[in-house]
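Just below is one structure, and these are the notes that go with it.
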Number of protein chains: 2
Amino acid sequence: MRRISDSTIRRLSLYLRFLEEFERDGEETVSSEALAHRGGTTSAQVRKDLSLFGSFGKRGLGYRVHELAEHLREILGLSRRFRLVVVGAGALGTALVQHSGFRERGFDVVAIFDNDPAKVGGKWDGLRTRDVADLERDLQANPVDIGVIAVPGDQAQVIVDCLVRCGIKAVLNFAPSQLTVPDDVALKNVNLSLDLEALTFALTALQ
Amino acid sequence: MRRISDSTIRRLSLYLRFLEEFERDGEETVSSEALAHRGGTTSAQVRKDLSLFGSFGKRGLGYRVHELAEHLREILGLSRRFRLVVVGAGALGTALVQHSGFRERGFDVVAIFDNDPAKVGGKWDGLRTRDVADLERDLQANPVDIGVIAVPGDQAQVIVDCLVRCGIKAVLNFAPSQLTVPDDVALKNVNLSLDLEALTFALTALQ
DNA sequence: GTTTGTGAAACGATTCACAGCT
DNA sequence: AGCTGTGAATCGTTTCACAAAC
């Protein structure tokens, strides 16, 4: 299949959100124009994005809301739930464990680890913080789908290497470092400082 | 000046990180090739990105590390510190207040607000949580540069409208909703569920 | 000889526009 | 008549390649 761009995937996720809203509002069908308007894009973009995966609409009618939502969940791999492990029980890691939005969207945090003895044993949302020394053993015994890295930058590569050894194929990285992973592992970086700096650039340039 | 793309800004921020590392390592000069290698891009890309803002290198020599870092800080607007307000004292909001990485990079969280009486008065990193009812008055008295939205999705638009009324020109939004702001306000969305869904797509497609 | 700065070429993503289905 | 699906046209970004500077 053709290579799908990151921005396409992002938009598909957004379309799914909007379809779920339309469904709650009791809408039966929706046009590419309506979806586009809701998401700040164009109807042609919506149709192109969808056409990369098949032909889900009816000419003259639009798309059936529930049916298209199902197709998108299938495409995005959201037909099942996913198990997450969070490494790093600092402010960010514990916030992620407590964040209810993940569970609502099919992501279950099943374990949290830290290397600080003062933090090991601490309970967050009913989950006991475990020692990162046991990470490899625990993950072998109890595999997860996605690893979340919330440790300081200088420890991030060691942790991601360990996760990869445990067979994890998807990593969300909050540490501000460029991590190296094998080709068959998906890696996404979230770097809040970079986002803030995009804002300072806008503030400085446009004024 | 020509319109600068988001990805260019993102790369410039990364180059700045790498330059700071090179500087710590005592390097005097650096080539576009070295910067590119460190950041997973190409030397042509580095030179194009920089050339959008001026001509900072010497042919045959490369770029002076400290000098280029200064130029980048200037371009990104990082020659001064920025004041942030966090709205929403849930797990995420309080994690952001406590996050030391921001302060290190020039961003000071100077206030945190919530609408839950149980949370108002709570101290985080020495900062007393205030009532969101006072948000507008407090911000008029004590302006900030950047607003950070860490409230549930259904309250985000009300909050951003309030921030805009207070004259804030840059907003970082963690709520999973599409916000509307005037043209002269910079808005950046961080939606962790969208990032996770990019990973589930990769997990499902590439296996 | 080395490395920048930059037009030109190649590539990729978005938008246009319309034939074809309902 | 209304709206999708999709080639063709446009636009923006990345890569190439080389003349100019050191």
Side-chain angles (χ1 to χ4, degrees), chain A residues 1-16 18-19 22 27-72 75 194 198 201-202 205, chain B residues 1-15 18-19 22 27-72 75 194 198 201 205:
Chain A
M1 188 197 286
R2 220 176 93 203
R3 167 92 174 52
I4 307 295
S5 82
D6 234 40
S7 23
T8 295
I9 296 302
R10 224 176 164 60
R11 283 191 303 265
L12 291 180
S13 288
L14 280 176
Y15 303 157
L16 177 55
F18 303 148
L19 287 167
F22 283 129
E27 308 283 340
E28 286 277 305
T29 62
V30 71
S31 66
S32 57
E33 178 55 40
L35 265 179
H37 182 257
R38 183 73 186 67
T41 179
T42 68
S43 61
Q45 181 77 78
V46 172
R47 296 197 299 276
K48 250 301 189 277
D49 287 339
L50 296 176
S51 78
L52 294 172
F53 296 93
S55 153
F56 306 119
K58 288 258 185 302
R59 294 169 196 227
L61 237 157
Y63 304 86
R64 300 197 47 85
V65 172
H66 180 74
E67 188 185 310
L68 184 56
E70 273 307 314
H71 278 301
L72 288 184
I75 290 165
L194 294 192
F201 173 75
Chain B
M1 189 198 286
R2 219 177 96 202
R3 166 97 178 36
I4 306 296
S5 81
D6 233 40
S7 23
T8 296
I9 296 303
R10 197 155 251 286
R11 283 192 301 266
L12 291 179
S13 288
L14 279 176
Y15 302 157
F18 303 148
L19 288 168
F22 284 129
E27 308 284 339
E28 286 277 306
T29 62
V30 70
S31 67
S32 57
E33 179 55 40
L35 264 180
H37 182 257
R38 184 73 186 69
T41 180
T42 66
S43 61
Q45 181 76 79
V46 172
R47 296 198 299 277
K48 250 299 188 284
D49 286 339
L50 296 176
S51 78
L52 294 171
F53 296 93
S55 153
F56 307 118
K58 287 259 184 301
R59 294 167 196 231
L61 236 157
Y63 303 86
R64 300 196 48 83
V65 172
H66 179 76
E67 187 185 311
L68 183 56
E70 274 306 314
H71 278 300
L72 287 184
I75 290 166
L194 293 192
F201 173 74

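Lettering of chains follows the sequences in order, A, B, ..., and the numbering in each one begins at 1. Given the structure is predicted, the values throughout are model-derived calculations rather than measurements.
If you check D/dC22, C/dT4, C/dT14 against the side chain of B/R47, the one that comes closest is C/dT4. When distances are taken from the side chain of B/S55 to each of D/dG5, C/dG5, D/dC3, the shortest belongs to C/dG5.
Rounding to the nearest 0.5 Å places CG of B/L35 at 7.5 Å from OH of B/Y15. Of the inter-residue distances, the one linking A/R11 atom CZ with A/D6 atom CG reads 10.5 Å to the nearest 0.5 angstrom.
In this structure, NE2 of B/H37 is placed 15 Å from P of C/dT3, rounded to the nearest angstrom. The CZ-C1' distance, from B/R64 to D/dA21, rounds to 17 Å in whole Å. Here the P atom of nucleotide D/dT13 and the CD1 atom of B/I9 are 11 Å apart, to the nearest Å. Atom CD of B/Q45 is separated from atom C1' of C/dA9 by 16 Å (rounded to the nearest Å). Residue B/L12 contributes atom CG, which lies 15 Å from atom C1' of D/dT14 at whole-angstrom precision. Here the C1' atom of nucleotide C/dA13 and the CZ atom of A/R3 are 12 Å apart, to the nearest Å. When rounded to the nearest whole Å, the span between CD of B/E33 and C1' of D/dT15 equals 13 Å. Between the P atom of D/dA1 and the CG atom of A/L61 lies a distance of 17 Å, rounded to the nearest Å.
Residue A/R59 places no side-chain atom within donor-acceptor reach of the base of C/dT22, judged by atom type and a 3.5 Å distance cut-off alone. The base of C/dG7 sits with one of its N or O atoms less than 3.5 Å from a complementary donor or acceptor on the side chain of B/K48.
Between A/A44 and A/D6, the residue whose closest nucleotide on DNA chain C is further toward the 5' end is A/D6.
Put simply, A/R11 has a side-chain N or O that comes within less than 4.0 Å of OP1 or OP2 on C/dT14. At C/dT3, none of the side-chain N or O atoms of B/S32 fall inside 4.0 Å of OP1 or OP2 (strictly under the cut-off).
Heavy atoms of B/S43 sit nowhere under 4.0 angstrom from any nucleic acid atom. Across all strands, B/T41 comes closer than 4.0 Å to no nucleic acid atom at all (heavy-atom distances).
A/I4 has its side chain within reach of A/F53: a pair of non-hydrogen atoms, C-beta onward, lies under 4.5 Å apart. Taking the side chain as every heavy atom from C-beta outward, A/V46 and A/L50 approach each other to under 4.5 Å. Side-chain contact check for A/T29 versus A/Y63: every heavy-atom pair is 4.5 Å or farther apart.
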